[in-house]
Number of protein chains: 2
Amino acid sequence: MIKVSITDDHYVVLKGIESLLKDEKHIRVISIHENGQDTLEAFEVEQPDILFLDINLPDINGIVLTKTITKSFPNVRVIALTNHEDVSFVKRILDNGAFGYLLKNAHKEELLQAIDTVSKGEKYLQKDIEKKILNQSLGRKEFSALQPKLTRRETEVLQAIYEQLTTQEISEKLFISPKTVEAHRMNIMSKLGAKNSVGIVKIAIQKQLL
Amino acid sequence: MIKVSITDDHYVVLKGIESLLKDEKHIRVISIHENGQDTLEAFEVEQPDILFLDINLPDINGIVLTKTITKSFPNVRVIALTNHEDVSFVKRILDNGAFGYLLKNAHKEELLQAIDTVSKGEKYLQKDIEKKILNQSLGRKEFSALQPKLTRRETEVLQAIYEQLTTQEISEKLFISPKTVEAHRMNIMSKLGAKNSVGIVKIAIQKQLL
DNA sequence: ATTTTTCTAAGGGTATTCCCTAAGTTTTCA
DNA sequence: TGAAAACTTAGGGAATACCCTTAGAAAAAT
């Protein structure tokens, strides 16, 4: 008997997965949750073998939550559920301890196969995503063409730029010199391949950094 | 007996709504579809009273599809399903003939109420969206707080800004003086309520002007 | 414990954007 | 056809962003 939990803020998704699984005798849905907090609290009492986890939750960032869960409850295997087909995104999630990755357009067979595969301790990726990863992994790696990694500070500056703050305002907000803010902005531009602040925001949105 | 169809490329959403409705005796789900094309073809044979339509479909833009359906099959009442909480978005959909608007985190009660309300011929909006629309509609109207209308030239400049071009480069691209470009940019900022070019792009993306 | 990365910040420019006012021309629409 | 809206241009100045280099201190990773 495989115990499954589901966390998704879209109620219909929650009920959809539940209804798809309820005919399976070897699978039991033990709990469903609409946010990260509830999920963590419920896990204090009983942990599932597998958690279907929506990455876009209202309260906690899904990637962070994945990390938390795999650390606090190592027996729980997380299968990420999203609409992002972005390969870099998949990578980040897997790096943070997820065992599988499913798009929300997955059909019943894929859902079941994901559960079976992951419960065996193997990683499960949806077919088309697997292909994409392979294709892109064959590109150059050193240039980090995929998901540019911003540092904590850079992320803060990025956020502030997005909020239309000026360098001066950002420096006051973060208690650092304007010159430092500029340095961060230059680094962000360089990492994202942007020509100016507009490009930073444009690309950051595209790459889901915001 | 109310006949319902569902169109959503996320299979779990499809099954979720279906399972939520299957206990209701006065409602019958007559068909489910994963894309716009299938939906239109199926409607040639039989039309539902109500269609739950995901606005983000792989093949056809949901807003356009709403328009098509309400024209070709005027008996079908469309309830839009999305994650967008953007008020301007809601307006656009309703303007194109939709009878209701639900976020995907809607619970069973809301789903049923939406069906009942819409089948009576009334419009149904989810509570929190209704509030937002009211709030924003009470603002100044002459300034077109909702969907700011940009002129043809302003749209071109907006596009160029989005492409990270400088004022100089834009002027060369459009064969106008840099000063004119600046004038347009100022007008765009004013219309969108942006503080700078970053804001222009940010808001333009939010309001789907790009 | 040591290397690497990140964070910090400065000087010294240049380029660009932002903001105001003003006004002639063209297009659109009632 | 006349009025309104949109498009065009401009001057001038303040503010901000961009770009380069350099470099010490702090934090993180190995």
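The sequence lines fix the lettering, A, B, ..., with proteins before strands; numbering per chain opens at 1.
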- line: Between the OG1 atom in A:Thr151 and the CD atom in A:Glu154, the distance rounded to the nearest 0.5 Å is 3.5 Å
message: How long is the straight-line distance from CG of A:Leu111 back to CD1 of A:Ile79, given to the nearest 0.5 Å?
response: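 Going from CD1 on A:Ile79 over to CG on A:Leu111, the span is 7.5 Å.
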Take atom [atom1] of [X] and atom [atom2] of [N], then tell me their distance rounded to the nearest Å.
X: B:Arg185; N: D:dC7; atom1: CZ; atom2: C1'; result: 16 Å
X: B:Asn187; N: C:dC20; atom1: CG; atom2: P; result: 12 Å
X: A:Lys191; N: C:dT6; atom1: NZ; atom2: C1'; result: 8 Å
X: A:Glu156; N: C:dT8; atom1: CD; atom2: P; result: 8 Å
X: B:Met186; N: D:dG13; atom1: CE; atom2: C1'; result: 13 Å
X: A:Glu182; N: C:dA9; atom1: CD; atom2: C1'; result: 11 Å
X: B:His184; N: C:dT26; atom1: NE2; atom2: C1'; result: 12 Å
X: A:Lys179; N: D:dC18; atom1: NZ; atom2: P; result: 13 Å

query: Name the one of A:Thr180, A:Ile176, A:Val181 that satisfies side chain to side chain contact (heavy atoms under 4.5 Å, CB included) with A:Arg153?
result: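 Exactly one pass, corresponding to A:Ile176.
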According to a strict under-4.0 Å criterion, is [X] in side-chain N/O contact with OP1 or OP2 of [N]?
X: A:Ser177; N: C:dT8; result: no
X: B:Arg152; N: D:dA6; result: no
X: A:Ser197; N: D:dC18; result: yes
X: B:Thr180; N: D:dT9; result: yes

- prompt: Is there a side-chain contact between A:Val29 and A:Ile17, using heavy atoms and a 4.5 Å cut-off?
  reply: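 Result no, sub-4.5 Å side-chain heavy-atom pair not found.
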task: Between A:Asn196 and B:Ile176, just flag the one whose closest nucleotide in DNA chain D comes earlier from the 5' side.
output: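 Mapping each residue to its closest nucleotide by heavy atoms, the 5'-most match is B:Ile176.
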B:Thr151 side-chain proximity, nearest of D:dC7, C:dC18, C:dT8: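 Taking heavy atoms from C-beta onward, the closest nucleotide is D:dC7.
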Identify each donor-acceptor pair in which a side-chain atom of residues 192-199 of chain B lies under 3.5 Å from a protein atom, sequence neighbours left out, and give them as a table.
residue  : atom : partner  : partner atom : Å
B:Asn196 : OD1  : B:Val198 : N            : 3.1
B:Asn196 : OD1  : B:Gly199 : N            : 3.0
B:Asn196 : ND2  : A:Gln164 : O            : 3.4

